[in-house]
Amino acid sequence: LWTTTHPKSCWKRRSGSYSAFRRKIGRVSCVVEGSSQNMEVKSGADWKILESDSSDQQQMAILSKVGNLEQITLHHAPSNQQVQVVLFGATVTSWKKNQVERFFLSQEADFSGQKPIRGGIPLCFPQFGPYGPLAQHGFARISYWHLKQMGTTQDRSANGLILSLSNQDLNSALISSWPFLFTAEYQIILGFDGLETHFRVRNDGEEPFSFTFAFHNYFDVSDVSSCQIFGLENIPYCDRRKNDEWSEGEENLSGFQMMEPVDRIYSSTPDELAIFDSSKLQIIKIKKYHLPDSTLWNPFGIQGSDPGWKRFLCLEPGAIKSPIHLKPGEEWQGSQLIQSE
Ligand SMILES: O=P(O)(O)OC[C@H]1O[C@@H](O)[C@H](O)[C@@H](O)[C@@H]1O
């Protein structure tokens with residue numbers, strides 16, 4: 001946890017209709033709303049400073065619609081990457097590196113704005129799972145976020161955007177279940193390091209609040225049973241399939257392989273995790289910051305499974321076992337960097 005010295009004016013959010021939004025972005029190099037100059041992260045992964053430069057002719061982003069929803073496609077040509085983000089849920093739905101898709105998106109993904117989008121990176125906030133007063137995984141993944149800023153980093157080695165959400169965006173039912181004043185910002189960066197996602201939340205109210213959080217990553221794999229997961233060896237876990245019983249953890253020196261339904265919350269996991277897909281010969285590395293826990297999930301075809309269940313593996317860095325407590329004015333940030341060749 002770190003406390004803020006940032007003036008509130010930096011956090012003003014934008015609002016407006018789709019057409020205003022479209023006019024504002026269109027196919028342009030960059031758009032800035034407000035300034036991020038005061039956003040400084042004191043440790044862990046950087047919250048990168050984005051700059052706008054109207055003379056920059058690089059076509060960085062394209063706005064489109066998917067179903068009823070607004071979507072931004074952000075490019076970083078020098079590293080041959082592209083990410084797609086739907087403002088509903090601030091859901092990253094696609095990340096391509098060297099033209100190859102790295103995230104699973106369900107064929108049944110719902111783009112009506114009525115349900116969370118299944119695939120990519122849904123955000124679990126302010127509640128992971130069913131543990132709290134809200135519906136499963138909280139409201140962040142079913143809320144309409146705003147584009148706050150888009151640009152390039154000072155050294156131009158990465159392109160990114162910032163989305164924002166606050167209590168003012170919630171309906172009265174959500175506010176009565178979670179009656180706190182907050183501002184959340186989500187920064188998505190594409191650069192030579194890979195894909196970075198940074199989630200930040202500030203307590204704007206006069207009461208303390210607590211929350212849990214996870215990046216619900218759905219990785220695209222050739223077949224979940226031909227993947228080995230590294231970093232979870234000998235780590236105690238809560239087995240959600242066994243009434244949340246805690247287990248000591250397993251040795252798995254050659255990586256953990258899923259051969260049956262798995263739904264586990266590993267606590268205090270290392271800051272680096274990896275998935276090796278032995279059919280694709282692909283390694284995905286996740287570096288995580290301020291996110292002590294990691295969920296591992298695949299329903300393995302049990303009743304209600306997504307028809308594409310073999311093609312995804314969910315490895316979800318989070319702060320789950322011990323909720324984060326924020327006093328008035330305090331902020332917290334959790335980040336991940338995902339890398340793959
Ligand atoms: O179907 P949902 O709400 O998106 O949740 C999917 C899964 O998300 C995982 O994070 C949970 O550990 C699972 O228990 C859950 O089934």
Side-chain angles (χ1 to χ4, degrees), residues 67 69 86 88-94 103-143 174 177-178 197 199 211-221 224 227 229 231-232 235-247 249 256 258 260-269 273 275 284 286 288 291-324 334 336 338:
L69 308 175
V86 175
F88 177 72
T91 315
V92 169
T93 52
S94 163
F103 285 133
F104 170 86
L105 180 65
S106 170
Q107 286 175 355
E108 296 185 342
D110 185 307
F111 292 100
S112 65
Q114 303 298 313
K115 289 181 180 174
I117 297 169
R118 192 186 299 145
I121 319 180
L123 294 174
C124 304
F125 172 81
Q127 173 185 308
F128 177 84
Y131 308 112
L134 296 166
Q136 163 102 333
H137 291 333
F139 53 68
R141 66 179 184 161
I142 48 164
S143 295
L174 288 172
S177 303
W178 210 74
T197 64
F199 179 87
F211 63 90
T212 47
F213 173 83
F215 291 117
H216 194 314
N217 301 320
Y218 280 81
F219 292 108
D220 180 87
V221 294
V224 65
C227 293
I229 299 126
L232 302 177
I235 307 280
Y237 61 86
C238 159
D239 195 334
R240 304 219 42 224
R241 294 190 48 76
K242 292 190 184 155
N243 296 321
D244 290 357
E245 259 173 38
W246 279 85
S247 154
F256 179 69
M258 291 202 230
E260 58 181 354
V262 169
D263 193 356
R264 300 177 175 182
I265 303 167
Y266 289 84
S267 75
S268 304
T269 52
L273 304 169
I275 300 166
I284 300 247
I286 307 172
K288 59 190 181 63
L291 296 172
D293 309 319
S294 303
T295 293
L296 183 65
W297 175 63
N298 184 286
F300 230 83
I302 53 170
Q303 200 181 4
S305 295
D306 186 276
W309 65 269
K310 282 189 184 165
R311 295 296 311 271
F312 71 76
L313 188 160
C314 286
L315 186 53
E316 311 164 30
I320 302 170
K321 190 180 172 207
S322 305
I324 306 292
Q336 65 174 355
I338 306 177

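Since the structure is predicted, the reported quantities are computational estimates derived from the model, not experimental observations. Atoms within a ligand are numbered from 1 in the order they appear, just like the ligands themselves.
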* Asked: Does ligand 1 have an atom under 4.0 Å from some heavy atom of Arg141?
  -> yes
* Distance from Trp297 atom CH2 to Trp309 atom CH2, nearest 0.5 Å? -> 12.0 Å
* His137 contact mode with ligand 1 (heavy-atom cut-off under 4.0 Å) -> side chain
* Asked: Within the distance-only criterion (no hydrogens, no angle test), does the side chain of Lys288 pair as donor or acceptor with the backbone N or O of Thr269 below 3.5 angstrom?
  -> yes
* Structure fact -> ligand 1 atoms nearer than 4.0 angstrom to some heavy atom of Gln136 are 2 (P), 3 (O), 5 (O), 15 (C)
* Specify whether Phe312 and Phe104 have parallel, tilted or perpendicular ring planes, treating 30° as the upper limit for parallel and 60° as the lower limit for perpendicular. => tilted
* Hey, is the main chain of Leu134 close enough, under 3.5 Å, to the side chain of Gln127 for a donor-acceptor pair? -> yes
* Asked: Which of the numbered atoms in ligand 1 are below 4.0 angstrom from a heavy atom of Arg240?
  -> 11 (C), 12 (O), 13 (C), 14 (O)
* To do: Classify the angle between the aromatic ring planes of Phe139 and Phe125 as parallel (below 30°), tilted (30 to 60°) or perpendicular (above 60°).
  => perpendicular
* Asked: What is the nearest protein non-hydrogen atom to atom 6 (C) of ligand 1, stated with its residue, atom name and distance?
  -> Trp297 CH2, 3.5 Å
* Considering only non-hydrogen protein atoms, determine which one is nearest to atom 10 (O) of ligand 1 and report residue, atom name and distance to 0.1 Å. => Glu316 OE1, 2.8 Å
* **Proximal atoms of ligand 1 relative to Phe128 (non-hydrogen, under 4.0 Å)** => 10 (O), 12 (O)
* Asked: Thinking salt bridges, do Arg118 and Asp110 make one under a 4.0 Å N-O criterion?
  -> no
* Among all protein heavy atoms, pick out the one at the shortest distance from atom 9 (C) of ligand 1; state its residue, atom name and that distance to 0.1 Å. => His216 NE2, 3.4 Å
* Asked: Does atom 1 (O) of ligand 1 have any protein heavy atom closer than 4.0 Å?
  -> no
* Does Asp263 reach ligand 1 with a nitrogen or oxygen that is under 3.5 Å from one of the ligand's nitrogen or oxygen atoms? -> yes
* Hey, do the aromatic rings of Phe199 and Phe215 have their centres closer than 6.0 Å? -> no
